[in-house]
**Q** 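If you scroll down you'll find the structure; I have some questions about it.
All ligand and atom numbering here is 1-based and tracks the order in the structure.
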Amino acid sequence: MKNVALLGATGAMGQRFVQMLEGHPYFDLRLLVASSHRKGKKYGEDVHWLLGSNVPEYVRDMELHDFDPEILEREGIEVVFSALPSDVARDYEGKLRSRGFAVFSNASAYRMEKDVPIIIPEVNGEHIKLVEVQREKYGGFIVTNSNCSTAGLVMALHPLKKYGIEEVFVSTYQALSGAGYPGVPSLDIQGNVIPYIRSEEEKIRRESCKILGALDGGKIKDYHMRVIASCARVPVKDGHLESVVIKLREDVDLEEIKRSMQKMQGIPGLPSSPEKPLIVRDEVDRPQPALDAYCGGGRARGMGVVVGRFAKYGPYLRFFLLVHNTIRGGAGNAILNGEYALKMGYIG
Ligand SMILES: NC(=O)c1ccc[n+]([C@@H]2O[C@H](COP(=O)([O-])OP(=O)(O)OC[C@H]3O[C@@H](n4cnc5c(N)ncnc54)[C@H](OP(=O)(O)O)[C@@H]3O)[C@@H](O)[C@H]2O)c1
């Protein structure tokens, strides 16, 4: 078992980590960090719990700490999961990396750094080798996961790379939990759709090309494709729906596209990787957030991406996908990255 600290433990994403780390076979959550005004308070008494009726018992009486790398060292922490806002993450995660910690982050602060990988193990696990470049420079390392919408998109695109992806037009319908807590004011979103999410469209473009890129001599060479994203916030609690239109270099029929997606495999032996990371549905009205957000079993619940509504219009292929934004698009993928780094011998 590895001793684990969680930064940003009280936020929307931090709570998902707390829920998903309960009883984890490799990671023992020992330290919770939030803003300094909560220092010394009990997690169960101070958190505004969003995920059901009760704060999990194993964390209820744990004390909240403010950020102090010395406490992490004293407690024998080896692995850090971070659910911090990006500006704070830039400072704290960098400090922890320099002190030799293995940091698995949800924040965007380091995602586009040359030597920091954005990993979805079933898609670009080999990018984990960049950890070696960081270790040499800093002692520790940071592994990030992608922006929540990007996670679903690249999982669906990965099996189609062999046909040559030239263009991607993606329109997103993004859930409220993606905006953190308290997030979007209720009067702004009730009965409404907001066609703007700050920086999201640019993140989808840059991160997709990096994740689908190839590792080449200690650097990632971006995958060359045109990506145009249009993002909207909708009054849904969890699960980002995305409408995707792509142009492939090869002319491939729909049944072959579906078969290629269905063949995508999970990573054997990793508790948070579903056996089938992509689920193809043929019903005319799927995927839906209310029905499909928690696809995947056991520890991989919410780690599956559901695709459906395939159609072809000349050279363009259209489908919808659904990704759970705080699980595959957040905490679940970060935990999976931790499991993967452990399996590959990069921790301890
Ligand atoms: N929500 C999603 O679907 C999603 C998906 C992918 C990535 N992300 C990324 O994940 C990160 C967290 O998102 P979120 O939605 O959980 O945000 P959030 O609800 O606003 O939570 C932020 C957390 O960071 C803590 N924090 C803020 N300033 C701090 C400081 N100076 N020192 C220590 N702790 C501090 C907060 O503690 P207090 O409560 O004490 O203030 C809280 O626990 C962000 O970088 C976000 O972009 C989110």
**Q** With a cut-off of 4.0 Å, which atoms of ligand 1 are near a heavy atom of S86?
**A**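 What qualifies from ligand 1 is 45 (O).
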**Q** Could you tell me whether R97 sits above the aromatic face of Y138, with NZ or CZ closer than 6.0 angstrom to the six-membered ring centre and within 45 degrees of the axis?
**A** yes
**Q** Is it possible for you to check whether R233 lies under 6.0 Å from the centre of the six-membered ring of Y196, through NZ or CZ, and within 45° of that ring's axis?
**A** no
**Q** Are the side chain of K343 and the backbone N or O of L270 linked by a donor-acceptor pair below 3.5 Å?
**A** no
**Q** If you look at every heavy atom in D46 and L64, which pair is closest and at what distance?
**A** CB-CD1, 4.1 Å
**Q** Give, for atom CZ of R30 and atom CG of L72, the distance between the pair rounded to the nearest 0.5 Å.
**A** 12.0 Å
**Q** Need the ligand 1 atom indices (1-based, order shown) with element for anything under 4.0 Å from a heavy-atom of T326.
**A** 3 (O)
**Q** I need the contact type for S177 against ligand 1. Using non-hydrogen atoms and a strict under-4.0 Å cut-off, is it side chain, backbone, both or neither?
**A** backbone
**Q** Which one holds for N325 and ligand 1: side chain close, backbone close, both close, or neither close, with close meaning a heavy atom under 4.0 Å?
**A** both
**Q** Rounded at 0.5 Å granularity, tell me how far OG in S82 sits from CD in E93.
**A**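 The CD atom of E93 is 3.5 Å from OG of S82, to the nearest 0.5 Å.
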**Q** Counting non-hydrogen protein atoms only, what is the nearest one to atom 16 (O) of ligand 1? Give residue, atom name and distance.
**A**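 Here the closest protein heavy atom is M13 N, 2.7 Å.
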**Q** Which pair of heavy atoms, one from L84 and one from A107, lies closest together, and at what distance?
**A**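 Minimum heavy-atom separation between L84 and A107: O-CB, 3.5 Å.
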**Q** Give a yes/no on ligand 1: does S108 have at least one heavy atom closer than 4.0 angstrom to it?
**A** no
**Q** Could you go step by step and tell me if E200 and Q174 meet the side-chain hydrogen bond (donor to acceptor under 3.5 Å, both in side chains) rule?
**A** CA-CA 11 Å; E200 193 82 354; Q174 297 187 211; 2.9 Å; yes
**Q** What protein heavy atom sits nearest atom 24 (O) of ligand 1, and how far away is it?
**A** P85 CD, 3.3 Å
**Q** Which protein non-hydrogen atom lies closest to atom 29 (C) of ligand 1, naming both residue and atom, and how far is it?
**A** S35 OG, 3.6 Å
**Q** Using a strict cut-off of 4.0 Å, indicate which atoms of ligand 1 neighbour a heavy atom of A107.
**A**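 This gives 45 (O) as the contact atoms.
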**Q** Nearest protein heavy-atom contact for atom 11 (C) of ligand 1: which residue, which atom, what distance?
**A** L84 O, 3.3 Å
**Q** Set out, in order, the CA-CA distance, both residues' side-chain angles and the distance that settles side-chain hydrogen bond (donor to acceptor under 3.5 Å, both in side chains) for E339 and H24, then state yes or no.
**A** CA-CA 10 Å; E339 294 170 3; H24 195 282; 2.7 Å; yes
**Q** Counting from 1, what ligand 1 atoms have a heavy atom of Y92 closer than 4.0 Å?
**A** 30 (C), 31 (N), 32 (N), 33 (C)
**Q** Determine, counting only non-hydrogen atoms of the protein, whether one lies under 4.0 angstrom from atom 2 (C) of ligand 1.
**A** yes
**Q** Working to the nearest 0.5 angstrom, can you tell me the gap between M264 CE and L160 CG?
**A** 10.0 Å
**Q** Provide, to 0.1 Å, the distance between atom 40 (O) of ligand 1 and the closest protein heavy atom, together with that atom's residue and name.
**A** R38 NE, 2.6 Å
**Q** For residues S177 and N325, determine if any side-chain heavy atom of one lies less than 4.5 Å from a side-chain heavy atom of the other.
**A** yes
**Q** Using heavy atoms and a 4.0 Å limit, tell me yes or no: is H37 in contact with ligand 1?
**A**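 Yes, H37 has a heavy atom closer than 4.0 Å to ligand 1.
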**Q** Would you say F67 touches ligand 1, if touching means a heavy atom closer than 4.0 Å?
**A**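 The answer is no: ligand 1 sits nowhere under 4.0 Å from a heavy atom of F67.
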**Q** Should the ring pair F67 and Y92 be called parallel, tilted or perpendicular, given that the plane angle runs from 0 to 90° and is split at 30 and 60?
**A**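 Plane angle under 30°, so parallel.
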**Q** If I apply the N/O under 3.5 Å rule, does A12 come out as touching ligand 1?
**A**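 Such a contact does occur with ligand 1.
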**Q** In ligand 1, which numbered atoms sit nearer than 4.0 Å to a non-hydrogen atom of A9?
**A** 43 (O)
**Q** Is S146 close to ligand 1, meaning an N/O of one under 3.5 Å from an N/O of the other?
**A** no
**Q** How far is atom 21 (O) of ligand 1 from the closest protein heavy atom, and which atom is that?
**A** G11 CA, 3.2 Å
**Q** For atom 47 (O) of ligand 1, is the nearest protein heavy atom closer than 4.0 Å?
**A**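 False for atom 47 (O) of ligand 1.
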**Q** Identify the protein heavy atom lying closest to atom 7 (C) of ligand 1, giving its residue, its atom name and the separation to 0.1 Å.
**A** N106 O, 3.4 Å
**Q** With heavy-atom distances below 4.0 Å as the criterion, list the atoms of ligand 1 near T10.
**A**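 Near T10, meaning under 4.0 Å from one of its heavy atoms, ligand 1 has 36 (C), 37 (O), 38 (P), 39 (O), 40 (O), 42 (C), 43 (O).
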**Q** What protein heavy atom sits nearest atom 33 (C) of ligand 1, and how far away is it?
**A**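 Scanning the protein heavy atoms, the shortest distance from atom 33 (C) of ligand 1 goes to A34 O, 3.2 Å.
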**Q** Given G14, S82, A83, identify the one with the heavy atom nearest to atom 23 (C) of ligand 1.
**A**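 Selected option, by shortest heavy-atom distance: A83.
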**Q** Checking the N or O distance criterion of under 3.5 Å, is ligand 1 in contact with V88?
**A**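 There is no such contact.
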**Q** Any side-chain heavy atom of K210 within less than 4.5 Å of one from R111?
**A** no
**Q** Could you please spell out the steps behind the ring-ring contact (aromatic ring centres under 6.0 Å, His included) verdict for F27 and F81?
**A** CA-CA 10 Å; F27 300 127; F81 290 112; 5.5 Å; yes
**Q** Going from OG on S146 to CG on N333, what distance comes out if it is rounded to the nearest 0.5 angstrom?
**A**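 If I round to the nearest 0.5 Å, the distance is 6.5 Å.
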**Q** Only heavy atoms of G329, strictly under 4.0 Å: list the atoms of ligand 1 that pass.
**A**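 Under 4.0 Å from G329, ligand 1 has these atoms: 5 (C), 6 (C).
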